[in-house]
Amino acid sequence: MATSTVFTGVSLFKSKNSTKLITSTRFSDSKQQLSPNSVKCCSKTTTATTEEATGRLVTVKNGNDSLEICRVLNGMWQTSGGWGRIDRDAAVEAMLRYADAGLSTFDMADHYGPAEDLYGIFINRVRRERPPEYLEKVRGLTKWVPPPVKMTSGYVRENIDVSRKRMDVPSLDMLQFHWWDYSNPGYLDALKNLTDLKEEGKIKTVALTNFDTERLQIILENGIPVVSNQVQHSIVDMRPQQKMAELCQLTGVKLITYGTVMGGLLSEKFLDTNLTIPFAGPPLNTPSLQKYKRMVDAWGGWSLFQTLLKTLKTVASKHGVTIPTVAVKYILDQTAVAGSMVGVRLGLSEHIQDTNAIFSLVLDEEDVNSIQVAQRGKDLLRVIGDCGDEYRRA
């Protein structure tokens, strides 16, 4: 069993603008019993909306900061090139169809090609062509991935203003921050400046992407009111449940997951295929397929992955859904997970029906047990490291 992190001596005090977490950390082979309500950055109680009650929407929050999002997010990495040519008008029409179907949360980044610009065109179409209550449900989450330069207030402000202009919004719904090198403590300066911009109303919520458990704890200790951490998480990659989820339970920080269908590998398309023989199976012709095939190799290889796909197919057939639907629902049911990403190839292909089926799917004990039996690959926490470490290995 992997060594677990136990967060001991936890207490909170509030300053004017933040809630600060004070902890000491030790490592132990046995877990300390933790009360799920012992520490919460979010103490505000709200009445659940109808859609929250049915599992479609969730609110991520920290202190007075909160944002309601769809639990299945439309991932826009696929607009950055490598998945096929994106036609602007067709892409915006596709975004409208997703939003019309209730899939109204879009996730992008400053480096995802035209993603932020497409959102800006889309949100203006929504303003002109949809009622005000529709606009209130649409969310645009973006990321900022800066180079390791000095994080001055002016530099941070300038970059956030670029995203605000591209997305054509006065305030970013969520800014998810990434940092490449933990040995450079500039990430704390950046986050403090982002928090200042939030106080000015230019950002509604501050969040992270690809931070590990240790750094998330440091960030919270420094009074940064992050609401979520976006990390890789799938039936194959269960690392977030080994360390990160425990701290999230303590603090109320939520996880937003990507790679949950592994670029499409977790689908019927790759069931009963043999990729060890050249040209014998579907081509790995996108950056996401190539990335997650490497994850399969690290986890246990293609033969073991086929066993997992067969198990997922059995569960999917039992419920009249597809393998990706089961794969996403399984992760949404994990501790601290607020939402999961499903990539969208806007104007090229759509999976609206399969995605909406996630909200009505209920995995029973038999389903969960069978999936857990099929998850017998290597412990990726030992192979790769904690969340985000795959981006920081030498």
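Note that the coordinates shown come from a computational prediction; the quantities given were computed from them, not determined experimentally.
- Residues Ile323 and Leu309 form a side-chain contact, since some pair of their non-hydrogen atoms from C-beta on lies under 4.5 Å apart.
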Val92 and Tyr119: CA distance, side-chain angles, deciding distance, side chain to side chain contact (heavy atoms under 4.5 Å, CB included) verdict: CA-CA 8 Å; Val92 173; Tyr119 184 85; over 6 Å; no

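- Remark: the Gln290 side chain and the Asn285 side chain contain no N/O donor-acceptor pair separated by less than 3.5 Å.
- Ring centroids of Phe106 and Phe122 are separated by less than 6.0 Å, placing the two rings close together.
- Judged purely by atom type and a 3.5 angstrom limit, Gln306 uses its side chain to pair as donor or acceptor with the backbone of Asp272.
- Using a cut-off of 4.0 Å between Lys/Arg side-chain N and Asp/Glu carboxylate O, Arg239 and Asp212 are scored as not salt-bridged.
- For Tyr330 and Gln375, the side-chain atoms include at least one donor-acceptor pair closer than 3.5 Å.
- Not a single salt bridge (charged side-chain N to carboxylate O under 4.0 Å, His left out) links Lys269 to another residue, sequence neighbours left out.
- Between Met295 and Ile384, the shortest heavy-atom distance links the atoms SD-CD1, 3.4 Å.
- Between the side chains of Asp107 and Gln176, at least one donor N or O lies within less than 3.5 Å of an accepting N or O.
- A side-chain donor-acceptor contact under 3.5 Å links Asp168 and Asn124.
- Between Glu350 and Arg345 there is no salt bridge, since no side-chain nitrogen of the basic residue lies less than 4.0 Å from a carboxylate oxygen of the acidic one.
- Comment: Asp100 does not engage Arg97 in a salt bridge, judged by the lack of any side-chain N to carboxylate O separation of less than 4.0 angstrom.
- If you check the side chains of Asp297 and Tyr292, you find no donor sitting under 3.5 Å from an acceptor.
- Between Trp77 and Tyr112, the ring planes are tilted. Angles from 30° to 60° get that label.
- A tilted orientation is assigned to the rings of Tyr187 and Trp179, their planes being inclined by 30° to 60°.
- Nearest heavy-atom pair, Val60 versus Ile69, reported as atom, atom and distance to 0.1 Å: CG1-CD1, 4.5 Å.
- Salt-bridge check for Lys204 with Asp65: failed, with every basic side-chain N at 4.0 Å or more from each acidic carboxylate O.
- Salt bridge annotation for Arg157-Asp161: absent, with no cationic side-chain nitrogen under 4.0 angstrom from a carboxylate oxygen.
- Between the side chains of Asp354 and Thr325, not a single donor N or O lies within less than 3.5 Å of an accepting N or O.
- Between the side chains of Thr257 and Gln232, no donor-acceptor pair is found at a separation under 3.5 Å.
- A salt bridge is defined here as a Lys NZ or Arg NE, NH1 or NH2 lying under 4.0 Å from an Asp or Glu carboxylate O, and Lys318 with Glu366 meets this definition.
- Using bins of under 30°, 30° to 60° and over 60° for the plane-to-plane angle, the ring pair His178/Trp180 lands in the perpendicular bin.
- Side chains of Asn356 and Arg56: a donor-acceptor N/O pair is present below 3.5 angstrom, by distance only.
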